[in-house]
Protein chains: 2
Amino acid sequence: MGPKNQDYSEHPKFHVALDCIIFGFEQGELKLLIHKRRIEPFKGHWSLFGGFLKDKESLTDAANRILRELTGLEKIYMEEIQTYGEIKRDPAARVISVAYYALIPSHRYSDEHSKQYGATWVSLKDLPALIMDHDTMVEKGLMRLRRRASSQPIGFELLPREFTIPQLQTLYEAIYQSELDKRNFRKKILSKDVLIKLEEKDKIHSRKGAFLYRFDKRKYKHLVDGGYNFTI
Amino acid sequence: MGPKNQDYSEHPKFHVALDCIIFGFEQGELKLLIHKRRIEPFKGHWSLFGGFLKDKESLTDAANRILRELTGLEKIYMEEIQTYGEIKRDPAARVISVAYYALIPSHRYSDEHSKQYGATWVSLKDLPALIMDHDTMVEKGLMRLRRRASSQPIGFELLPREFTIPQLQTLYEAIYQSELDKRNFRKKILSKDVLIKLEEKDKIHSRKGAFLYRFDKRKYKHLVDGGYNFTI
DNA sequence: TCAAAAGTGTTGTTGATACACCCATGA
DNA sequence: TCATGGGTGTATCAACAACACTTTTGA
């Protein structure tokens with residue numbers, strides 16, 4: 001079992017980068033966190049947040065590092081989307097880039113970070129053109145988000161810990177870009193039995209006020225362990 | 001827009017490899033094409049087929065090259081699964097590996113190739129332990145195969161051009177590892193209206209003989225272009 | 001003539017959709 | 001008192017699951 005010291009030295013090496021497709025939800029809209037690139041090539045053009053892989057870190061470590069540096073947040077929901085390896089995708093040099101998508105509860109994202117990194121939340125509806133193959137990445141990330149949203153309760157990653165049913169519905173409508181019937185939505189989401197109804201109401205968004213709910217992670221985990229398949 | 005010559009030279013470089021999770025279907029069983037590794041480390045242990053990325057090729061080119069060299073076939077159904085970047089995944093050196101899964105119609109796979117590369121079809125049921133993180137890759141590839149099989153008509157990639165309904169059912173049963181009702185299966189698959197019934201029967205697998213069908217790619221493409229969502 | 005696999009319809013259940021009115025509240 | 005958004009129930013339809021017998025043919 002002991003490996004001899006084969007070093008693969010006859011094979012070429014490549015720069016490996018990561019790009020993060022960061023989704024958030026603000027003012028009833030699905031948004032993407034982007035910035036104006038500060039280095040050449042494409043300096044000053046809109047870009048996803050990214051960075052290079054370092055010697056002593058795994059890919060997931062690197063993605064987490066980039067998100068942590070940018071947002072100050074730990075334990076962000078994150079998933080690999082795809083790896084991009086076209087030869088000329090970066091005109092400056094050959095770079096293999098692994099795209100991750102991340103969901104962040106935008107209310108926990110502070111403006112200080114935003115200023116420091118020049119980060120901007122942009123509504124998906126008026127997204128500017130992005131550099132290189134970043135548009136493709138976003139497209140693919142959005143598809144993944146839709147798929148995930150319909151099979152796992154990830155919507156909760158984008159909302160505050162306490163939220164109302166109408167809020168949750170607005171989120172799903174933003175994700176799917178289509179209107180949902182509120183009676184059917186409520187019925188379906190409550191039938192999953194993974195929401196805890198709280199005593200208080202949210203009185204900010206309406207006069208009447210809507211009851212707050214919290215996602216019951218324990219119950220959800222229990223269901224999943226029992227082979228349950230969450231579906232919206 | 002003209003990039004200055006930024007060369008990213010302060011960032012480290014890595015070996016980039018590809019590993020192929022190659023599924024086939026033989027004798028009513030779902031199989032995986034593997035071999036005994038010929039280089040250190042892990043020489044002589046069961047491994048997926050893989051190889052290193054070259055300077056002048058994209059990731060998909062590389063995956064296609066590896067599959068072509070191994071099978072002699074072009075236009076194989078192939079899809080990226082995930083990229084593996086743990087630091088110690090290969091004890092000999094740091095290697096980032098992109099895992100692809102591929103479906104090959106095993107009847108078109110010749111034994112010569114098999115001998116030349118020491119390739120072996122192994123039933124998923126009695127799969128030996130594989131090196132490094134290849135077990136994880138296979139697990140993930142299998143999940144992807146199941147997901148795809150239920151949303152795209154990929155089953156046809158694994159069968160000869162002409163096949164019978166019972167054959168197709170056996171394939172789906174092998175993929176899902178569960179028995180299906182033949183009346184319901186036939187009803188459902190025919191209702192998709194993407195199979196062309198032929199005049200001839202296959203008389204090899206039964207006395208009575210079963211009608212042969214062919215997948216109607218044109219019709220399928222037409223449906224998909226019209227927004228149709230194939231589902232099994 | 002019999003064993004082995006192909007082929008065929010109906011029924012009940014469940015989940016999805018469509019749809020309209022009353023309620024609570026702050027301004 | 002009224003405008004705004006929150007909350008509720010039912011009826012219809014489509015998709016899915018369960019289920020048993022007849023047909024063909026080579027040995």
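In what follows, chains are A, B, ... by sequence order, proteins preceding strands, each numbered from 1.
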Earliest and latest nucleotide of DNA chain C, 5' to 3', sitting under 4.0 Å from a non-hydrogen atom of chain A?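 For DNA chain C, the relevant span reads C/dA16 to C/dA27.
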Measure across [X] and [Y] and return the closest heavy-atom pair with its distance rounded to 0.1 Å.
X	Y	result
A/L53	A/S58	CD1-O, 3.8 Å
B/P160	B/H107	CA-CE1, 3.1 Å
A/A149	A/Y172	O-CE2, 3.4 Å

Between atom [atom1] in [X] and atom [atom2] in [N], what is the gap in whole Å?
X	N	atom1	atom2	answer
B/I232	D/dA15	CD1	C1'	13 Å
B/I189	D/dC16	CD1	C1'	15 Å
A/I165	D/dG5	CD1	P	18 Å
A/R186	D/dG5	CZ	P	16 Å
A/D202	D/dT4	CG	P	18 Å

B/N229 vs B/V224 side-chain heavy atoms within contact, under 4.5 Å: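 A side-chain contact under 4.5 Å is absent here.
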Scan for salt bridge (charged side-chain N to carboxylate O under 4.0 Å, His left out) pairs involving residues 133-142 of chain A, sequence neighbours excluded, and state none if there are none.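 Checked against salt bridge (charged side-chain N to carboxylate O under 4.0 Å, His left out) - neighbours excluded - the pairs reaching residues 133-142 of chain A are A/R89-A/D133.
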Salt bridge (charged side-chain N to carboxylate O under 4.0 Å, His left out) pairs, two or more places apart, involving residues 169-182 of chain A: A/D181-A/R183
A/Q169 side chain to A/L180 backbone, donor-acceptor under 3.5 Å: yes
Is a side-chain N or O of B/E74 found less than 3.5 angstrom from the main chain of B/R68, in a donor-acceptor match?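 Such a contact is absent between B/E74 side chain and B/R68 backbone.
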Within the 3.5 Å criterion, strictly below it, is a donor on A/S97 or A/D19 matched to an acceptor on the partner's side chain?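 The answer is yes; a qualifying pair exists.
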Five-pair end axes of the helix from C/dT1-D/dA27 to C/dA27-D/dT1, angle between them (10°): 0°
Applying side-chain contact (heavy atoms from CB on, under 4.5 Å) between B/Y101 and each of B/R148, B/M137, B/M143, report the one that passes. B/R148
If the condition is side chain to side chain contact (heavy atoms under 4.5 Å, CB included), which residues does B/E200 pass it with, not counting sequence neighbours? B/E162, B/L198, B/L212
Using a cut-off of 4.0 Å between protein heavy atoms and nucleotide atoms, how would you tag nucleotides 17-24 of chain D 5' to 3' with B, S and -? BBBB--BB
